[in-house]
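Remarks on the structure that follows.
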Amino acid sequence: MPNAFFVVTGRNRLQWAETSLEGQLDWTGPHAWPGLAADTAHVGRAGSGRQVLLGDFSPEDCEDYLVRRLSRDGQPLIDEPVRRIITERSHGLPLYLDLSVMRYLELRRGGGQPQVTDFDHDYPALITRTLSDLTADERHVLRSVSLLSAFSVPLATQAAGMDHDAPALRLTERPFIRESSSGVWLFHVHDLIRSAIRNADDGSDDRWSEQDWRRAAQRAFHALESQWRQDLRHDRAVLVGCLRQGLLLARDFRLDLGWLADAAFQYVGDSVWEPLALPAADARSSGGLQTAADALVETLSAIARRQHEHRERTSSRLSAVLTSELLPDDLVELATYYLAKAQRDLGLTDASRRGMQDVASAGGRLASAARRGLAHLSRLSGDFPTAVEAAGRLGWEGRHHRVLGDVWWVQGDMERAVAAYLAGRSEAEEHGVVGETAMVQAHLAFAVSFSDPLRADDELDLAERLLSHLSLRSSEMTARIAVLVRDAGFAADLPGRATALLAEIGDSGIAYAAAKLQLALCFHHAVLDAQDDLATAITRLRELTQSGDYAYYVDIAHFMAGLPLPEHTARARWIDGEQQTRDRWRRLVATRRHHLATTR
């Protein structure tokens, strides 16, 4: 029918283009309705001339509707601030816009001038109209999945406690169920519908009681556990998705932690720090940490956020969790260990050692990591033989190769350091721990940058690629300091770059990184034989290590420049003795000078 324009409206998607209807009705399928076919339909784009689903209005569409819907003398009756709040809260849902207009008129008839605050709420009528033509089973599934930010058909069926998928399948065809090709689960309830179902007064005949909601939360919680435990691929996205949704359910409905403890240890074990921030708790339940779930949410959030916050903030948050005494014993070690790591980064060595010893003595899941932490503390105090001895007992779980690499480069023995880091990287790759792989690669690039600036280009490039999708701030700092080491002697602007990086390190609270950067600067000045600049850098290095931690960096700076050690200097316990260590560092400077001379 040429020159004819049809408008078809309804509460459900038009399915005429689906191949499943061919043979059931006349004139169906993608050839009959190419504009509705999934590969050509511009679903959700208002004004496209195709299928526009309810809830797909753009902010401009909402504004246009509200301006035209009520006007006087050609001017919109609804004030701009009120139109803006209605648009924001509508999420593009025409039904919400219509209900808001009705409320506006009702308030006007009452003699008042409608204000922004009059529209900052959900409408119970949204529930009534949304549920009106759903079957009882579909309503049950919809309420169940409103507890989840995303779901699949099997997850929805299990969360609803049903033994057949049909209601969930039918529900996914409704226009208020959105579909996304990204993420672990394809479907989610339209944000506004979900909010209304969860929060607005439900006056329907089959409305749920508080106990119904709690039982549904428990079902959804166990359904997420099944999804996680049955994931034989150990997909990180599945873990994080289940953990986020499970934490939210446990917090909001005060559930026992159950499987979340195991999931939390897997989350930290991969050394990949996706954010786990959850939506703010209901105002009625605010007031700090109240349950074990609150404490676990805060613990994991603090651990993940430490890559973006000052370590003092991390220390404060984890201390508050431990003070609350809400975590079960097996999770106390989690907070204690990462508090000890933060304290070490802040230079609070004694407190860090006590925490690491407590975790190691408990013999729990982080005992090996805590023993590694004690080995690191021995290293930073200059007791290298003890660190090497401890590394021999750590094994893969204690990341023994990385511990050895950290000891060898300080001795100036870059060959052994690189070999240790390579072995550590291979082990991490074999175990599929991408965070550890990236971390070791950053350390490897740092060691190589001293001995072979040409090879360092490739190692730094690999480190950057491995770190690019992770949140490992400490390792990122190591890699960026490695760039300065690689450029030492060659780059005239290196001191300025070091100053800029030092400011970023100050924001992070990673105290040892500032000392490591200053050591790189000493290497640069030693290569150039810039005695005055070197003396200034050594003075600054001494100030950064005056607590005694990393004090041997000052010794190394003297070794680089061939300077005698000052009297009354605390001596580190070098593996091969002071003289051999001095000779190695001096050779590294001489080799760099040779590179510099041959490239000019």
Inspect the surroundings of [atom1] in [X] and state if more than 12 heavy atoms from other residues, nucleotides or ligands are less than 6.0 Å away.
X	atom1	answer
Glu80	CD	yes
Glu210	CD	no
His308	NE2	yes
Glu504	CD	yes

State the [atom1]-[atom2] distance between [X] and [Y], to the nearest 0.5 angstrom.
X	Y	atom1	atom2	result
Leu186	Thr172	CG	OG1	9.5 Å
Leu224	Leu249	CG	CG	6.5 Å
Leu77	Ser71	CG	OG	8.0 Å
Phe151	Gln245	CZ	CD	10.5 Å
Leu366	Lys341	CG	NZ	10.0 Å
Leu147	Leu248	CG	CG	9.0 Å

Is there a donor-acceptor pair under 3.5 Å between the side chain of [X] and the backbone N or O of [Y]?
X	Y	value
Ser468	Arg465	yes
Ser475	Leu472	no
Ser58	Asp61	yes
Asp79	Pro81	no

Heavy-atom check, side chain of Phe57 versus side chain of Leu93, under 4.5 Å
no
Check: Val297 and Asp294 side chains under 4.5 Å, non-hydrogen atoms:
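The answer is no; the side chains never approach within 4.5 Å.
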Under the ring-ring contact (aromatic ring centres under 6.0 Å, His included) test, which residues partner [X], sequence neighbours left out?
X	answer
His431	Trp396
Phe119	none
Tyr65	none
Trp259	Phe221, Trp228

Report the residues that fulfil salt bridge (charged side-chain N to carboxylate O under 4.0 Å, His left out) with [X], sequence neighbours left out, ordered by chain and then residue number.
X	result
Asp330	Arg365
Arg473	none
Glu63	Arg83
Asp64	Arg68

Looking at [Y] and [X], is there a salt bridge between them, counting it only when a charged N and a carboxylate O are closer than 4.0 Å?
X	Y	result
Arg402	Glu436	yes
Arg207	Asp212	no
Glu427	Arg399	no
Arg89	Asp191	no

Grab the two heavy atoms, one from Leu467 and one from Ala438, that are nearest each other, plus how far apart they are.
CD2-CB, 3.8 Å
Can you give me the closest heavy-atom contact between Gln113 and Asp118, atom names plus distance?
O-OD2, 4.4 Å
Just jot down the side chain to side chain donor-acceptor pair (under 3.5 Å) partners of Gln441, sequence neighbours excluded, or say none.
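In terms of side chain to side chain donor-acceptor pair (under 3.5 Å), with neighbours along the sequence ignored, Gln441 is linked to Arg425, Glu459.
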Results of side chain to side chain donor-acceptor pair (under 3.5 Å) for Arg214 - residues two or more places apart only
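Not a single residue meets the side chain to side chain donor-acceptor pair (under 3.5 Å) criterion with Arg214.
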Once side chain to side chain donor-acceptor pair (under 3.5 Å) is applied, what residue pairs with a partner in residues 151-170 remain, sequence neighbours excluded?
Glu138-Arg170, Thr157-Asp165, Gln158-Ser226
Kindly indicate, with the supporting measurements, whether the criterion side chain to side chain donor-acceptor pair (under 3.5 Å) is fulfilled by Ser209 and Gln211.
CA-CA 5 Å; Ser209 67; Gln211 197 58 37; over 6 Å; no
With sequence neighbours excluded, residues passing side-chain contact (heavy atoms from CB on, under 4.5 Å) with Leu322
Val332, Ala335, Thr336, Leu339
Test ring-ring contact (aromatic ring centres under 6.0 Å, His included) on Phe253 and Trp213; report intermediate values, then the result.
CA-CA 9 Å; Phe253 290 90; Trp213 280 107; 7.4 Å; no
Under the side chain to side chain donor-acceptor pair (under 3.5 Å) rule, what do Ser149 and Arg244 come out as? Steps first, then yes or no, please.
CA-CA 9 Å; Ser149 58; Arg244 280 191 184 128; over 6 Å; no
